[in-house]
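These notes concern the structure reproduced below.
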2 protein chains.
Amino acid sequence: MVSKKLSHIKELLAEKDYRFTPQREAILHVIVECQHSHLTADEIYRKTKEAYPEIGIATVYRTLEIFETLGIIHKFQFSEERALYEFNPGYHKHYHHHVICLRCGSISEFNEDLLEDIEDAIARSTGFSIVDHSLAIYGYCTTCQEQQEQTDSGNPAKPADLDEE
Amino acid sequence: MVSKKLSHIKELLAEKDYRFTPQREAILHVIVECQHSHLTADEIYRKTKEAYPEIGIATVYRTLEIFETLGIIHKFQFSEERALYEFNPGYHKHYHHHVICLRCGSISEFNEDLLEDIEDAIARSTGFSIVDHSLAIYGYCTTCQEQQEQTDSGNPAKPADLDEE
DNA sequence: GTTACTGCAAACACTTTGCACAGCT
DNA sequence: AGCTGTGCAAAGTGTTTGCAGTAAC
């Protein structure tokens, strides 16, 4: 299954005359392994460094850009902070429905297409040809709600900045 | 009406021991005048400079931050590029439904709450306490669709970078 | 008279780029 | 052999901060 993905990705790269270098393979490995997390470029850099210590941050950014144009990963920008990257297992159109806790920073995802009706309504009323959409829901997760009840000045459930795993 | 807004804003500032300086007034003026556009910090800076040439960019950023915490303006981050700011006339909870053309960069808005049902469904299934949400729809506006049909390599309807009004 | 605010410039964080060398194919 | 990819360091961009002077309250 992973090897099927791998050969498909090699093809995708080859189609555009991109090479499948060990650096790109190492980065891909990190992204696939952490496919349920949203990683920053720096996190990907540091994790890739474990397997490939010589790698440079510039290579990571260049690779992520290529992977994004090929649809291998998705890039998100929820706030003014750094972008987050995530593996896109199916290479298909991806609905970005994210539920973000304002206290602990955790991000959960909904992949169902909840917005078909809304898209249709907007397309009809504006003539817009819709390609994609992005929905972010902000609030408080159950854990943080509980903690907030207990100690109104307490600490978040998880540190908002998940710098290290 | 504007004066009513103004006194209300003065109150909001005073409540938090913020002062109503001429710089803040000038910035507010720009934001209210352009309340149907999404302005970058730099655009606000340059427009404010017309009325108040001595102003510095740092003051603009500091003022925008204060205005945002008071709910006077809203700040958006659609991409990795700079943030956009917009006046929030009602100071109420604001639904950010933006329709963004991928070709000319124009941004239109829907202020109806299209997502109540979806919010309810997510709250029920996850226990999340939802505070706000942000929806961005990406596609092509009618003008750009027409232009794309005519000349498949033509120019966008409007420059994507609206540096000057 | 306090205290918050300002403008400047320097610092900042994240990301991109120029360059000479290395390595696929 | 040729062209793409790499690592480094330097540059770039948008935003924030330290500081000494200034102005609102």
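Chain letters run A, B, ... following the sequence lines, proteins first and then strands; every chain starts at 1.
The side chain of B:Thr21 places no N or O atom within less than 4.0 Å of a non-bridging phosphate oxygen (OP1 or OP2) of C:dA4. The side chain of A:Arg19 contributes no N or O atom lying less than 4.0 Å from OP1 or OP2 of C:dC24. OP1 or OP2 of C:dC5 sits under 4.0 Å from a side-chain N or O of B:Arg24. Side-chain nitrogen and oxygen atoms of A:Tyr61 include none within less than 4.0 Å of the OP1 or OP2 phosphate oxygen of C:dT16. Contact between the side-chain N/O atoms of B:Gln23 and the OP1/OP2 oxygens of C:dG7 is found at a separation under 4.0 Å.
Residue A:Asp42 is out of contact with every strand shown, counting any heavy-atom pair closer than 4.0 Å. The residue B:Tyr52 sits close only to the backbone: its heavy atoms come under 4.0 Å of sugar-phosphate atoms, none of a base. Residue A:Ala41 is in sugar-phosphate contact alone, with no base atom involved, counting any heavy-atom pair closer than 4.0 Å across all strands shown.
As a whole-Å value, the separation of B:Lys16 NZ from C:dC5 P is 13 Å. Here D:dT4 presents its C1' atom at 10 Å from CD1 of A:Ile66, a figure rounded to the nearest Å. The CD1 atom of B:Ile57 sits 11 Å away from the P atom of C:dC8 (whole-angstrom rounding). Taking atom CD of B:Glu68 as the reference point, atom P of D:dT15 lies 12 Å away to the nearest angstrom. Regarding B:Tyr45, its OH atom lies at a distance of 15 Å from the C1' atom of D:dT16, rounded to whole Å. Rounded to an integer number of Å, the gap from CD1 of A:Ile55 to P of C:dA22 is 18 Å. Whole-Å rounding puts the B:Ile27 CD1 to C:dT6 P distance at 7 Å. Atom C1' of nucleotide C:dC5 and atom OH of B:Tyr18 are separated by 12 Å, given to the nearest angstrom.
Comparing B:Pro22 and A:Pro22 against DNA chain C, the residue whose closest nucleotide sits nearer the 5' end is B:Pro22. Comparing B:Glu65 and B:Phe20 by the nucleotide of DNA chain D whose heavy atom lies nearest to each, the residue mapping closer to the 5' end is B:Glu65.
Comparing C:dC14, C:dA9, D:dT6 by their nearest atom to the side chain of A:Thr59 picks out D:dT6. Distances were taken from every side-chain heavy atom of B:Arg82 (C-beta onward) to each of D:dG14, D:dG7, D:dT17; the shortest belongs to D:dG14.
Not counting sequence neighbours, the partners of A:Ser108 by the side-chain contact (heavy atoms from CB on, under 4.5 Å) test are A:Val99.
Distance check, rounded to the nearest 0.5 Å: CD of A:Glu86 to CD of A:Glu68 gives 12.0 Å.
Across every non-hydrogen atom of B:Tyr140 and B:Gln145, the tightest pair is O-NE2, 2.8 Å.
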Distance-only criterion, 3.5 Å: show the donor-acceptor pairs between side-chain atoms of residues 11-23 of chain A and protein atoms not counting sequence neighbours.
{"residue": "A:Thr21", "atom": "OG1", "partner": "A:Arg24", "partner atom": "N", "Å": "3.2"}
{"residue": "A:Gln23", "atom": "NE2", "partner": "A:Tyr52", "partner atom": "OH", "Å": "3.2"}

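Other residues, nucleotides and ligands contribute more than 12 heavy atoms inside 6.0 Å of the CD atom of B:Gln35.
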